[in-house]
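Worksheet for the structure shown next.
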Amino acid sequence: MNKLVCGLAVDEDIYDKYNFDKKTGSRRMYTLCGQERSLMAIEFYANSADYAKESPEVVAEAKKIAAQIQREIREYYAAKDGRKEYVAMKHDTFGEYLADLQEIHAKVAPERIQFKEKWDAAQKRWQEDQREFKGDEHYLAREKVRYLDAQEEYKNNVRELQQRTQEEIQAVQAEYEKHVTDFYLANGNRLDDAVVRLLNSGIKLTDAEIDGMVNQNTSNPTMLRLISDHCEKMGIENQNARVFGSLARKAGSDEREAFKTITDMVKKAVSEDETTSSVWSKEDSHFKRLSDQQIEAMGTFWVRPAAPEPAGT
């Protein structure tokens, strides 16, 4: 696994598949804005900041081709028996699962508000009836039954909404936990053979060389732990290796805490406590601002899954 295709570590066969046409024995070509280009050229354009300004349409098309190749490679390794370099997950990044929680909130919060408004109307009517018909015992008896039915319906609706919300949260959490666990779990298939050989070669590596190894593996906790362990074993004091290795060993504790933070806010929006639900279910509540901040903060985590380049940007 010491070859790269569109930024992904692959074996020799996959590398050849995307670079060479076995039928013709020549280099494989891709159509880029009407012209035939090699994969090397596609990758160059896709990552070129200069061409993004001069020829944005070329760069956008190159990114689209590269993104499709990345998807194919991930699907291949996810399906191949005994190979777990890439496991098929619901999302590419952890922040997208938090966005799923925002979608749940956007759906259930208005329902909670509607239940409260309907109950408020029932309470108001009962209060008015008691003032206007205080001498009509038969009428008030019928209206009180109606009022009590509305009260029971309100409580049942809130309980059902809480249950449904919890089930939807649990479904997202199961996918999230699977992804976080897989990302941080030490996996021999994610070792970069070239870097491993270099670490074991006995060559005295410079700080800049170690920094380069770390920077190339910020989306690979297995390699970050290996590099950090090597430095500790060899008595090499490198701040990047120490910090990133420590973050990789946290094994997703920060990510799980971020998920819990937003989950708790969603649950508050459907709380049976009317004051709490009122605060957290309104459109202009703190929820959107705080959850957006949490997602943005997660996007700056030093160790995180590599997000694919969006097509057309």
Side-chain angles (χ1 to χ4, degrees), residues 74 84 86-109 112 161-187 190 214-215 217-229 232 239-273 275-308:
R74 287 191 173 100
K84 299 293 182 183
Y86 302 101
V87 177
M89 298 294 175
K90 181 180 179 182
H91 294 304
D92 292 309
T93 65
F94 294 148
E96 291 171 282
Y97 296 93
L98 304 190
D100 286 345
L101 295 179
Q102 287 183 321
E103 291 181 8
I104 293 174
H105 179 275
K107 181 172 60 175
V108 301
R112 181 64 179 88
L161 180 62
Q162 289 176 326
Q163 179 63 31
R164 178 156 39 91
T165 301
Q166 180 63 24
E167 290 172 357
E168 293 187 20
I169 289 173
Q170 287 175 342
V172 176
Q173 187 171 13
E175 295 287 344
Y176 186 69
E177 182 62 30
K178 180 174 71 172
H179 199 160
V180 172
T181 299
D182 175 77
F183 179 70
Y184 282 102
L185 189 67
N187 189 326
R190 291 171 185 159
V214 171
N215 292 336
N217 286 281
T218 56
S219 61
N220 189 339
T222 297
M223 285 301 301
L224 292 176
R225 288 168 59 183
L226 180 67
I227 295 167
S228 175
D229 289 346
E232 183 177 350
Q239 183 176 2
N240 272 343
R242 185 177 67 255
V243 171
F244 277 86
S246 176
L247 292 172
R249 293 185 192 94
K250 292 183 74 173
S253 60
D254 291 338
E255 288 84 348
R256 292 184 176 92
E257 184 60 31
F259 189 92
K260 182 179 182 302
T261 296
I262 297 184
T263 293
D264 289 344
M265 291 192 289
V266 176
K267 290 179 179 178
K268 287 178 181 178
V270 297
S271 169
E272 67 276 2
D273 183 278
T275 301
T276 301
S277 64
S278 176
V279 169
W280 290 96
S281 61
K282 293 179 181 177
E283 281 190 39
D284 58 350
S285 72
H286 301 305
F287 175 81
K288 186 65 167 65
R289 175 176 59 84
L290 294 177
S291 59
D292 280 344
Q293 288 177 355
Q294 190 68 72
I295 293 173
E296 183 179 355
M298 180 169 283
T300 64
F301 282 7
W302 289 2
V303 179
R304 63 183 188 274

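All figures in this text were calculated on a predicted structure; none of them were measured in a lab.
- With sequence neighbours excluded, the residues forming a side chain to side chain donor-acceptor pair (under 3.5 Å) with R164 are E111, E160, listed by chain and number.
- Residues passing the side chain to side chain contact (heavy atoms under 4.5 Å, CB included) test with A251, sequence neighbours excluded: Y184.
- Sorted by first and then second residue, the ring-ring contact (aromatic ring centres under 6.0 Å, His included) pairs with a member in residues 240-264 read Y176-F259, F244-W302; sequence neighbours excluded.
- Counting only residues at least two apart or in different chains, salt bridge (Lys or Arg N to Asp or Glu O under 4.0 Å) contacts with residues 290-305 comprise K288-D292.
- E177 meets the salt bridge (Lys or Arg N to Asp or Glu O under 4.0 Å) test with R256; sequence neighbours excluded.
- Residues that satisfy the side chain to side chain contact (heavy atoms under 4.5 Å, CB included) test with A241, not counting sequence neighbours, are I210, V214, I227, C231, N238.
- Applying the ring-ring contact (aromatic ring centres under 6.0 Å, His included) criterion to H179, with sequence neighbours excluded, gives F94, Y97.
- For E175, the salt bridge (Lys or Arg N to Asp or Glu O under 4.0 Å) criterion is met by K178, not counting sequence neighbours.
- Here T276 pairs with K268, S271, D273, W280 under the side chain to side chain contact (heavy atoms under 4.5 Å, CB included) rule; sequence neighbours left out.
- Looking at residues two or more places apart in sequence or on another chain, you find no salt bridge (Lys or Arg N to Asp or Glu O under 4.0 Å) involving E96.
- Annotation: side-chain hydrogen bond (donor to acceptor under 3.5 Å, both in side chains) contacts involving residues 257-266, sequence neighbours excluded, comprise K260-D264.
- Residues passing the side chain to side chain donor-acceptor pair (under 3.5 Å) test with T222, sequence neighbours excluded: none.
- Contact between R190 and L185 at its shortest, heavy atoms only, is NH1-O, 4.0 Å.
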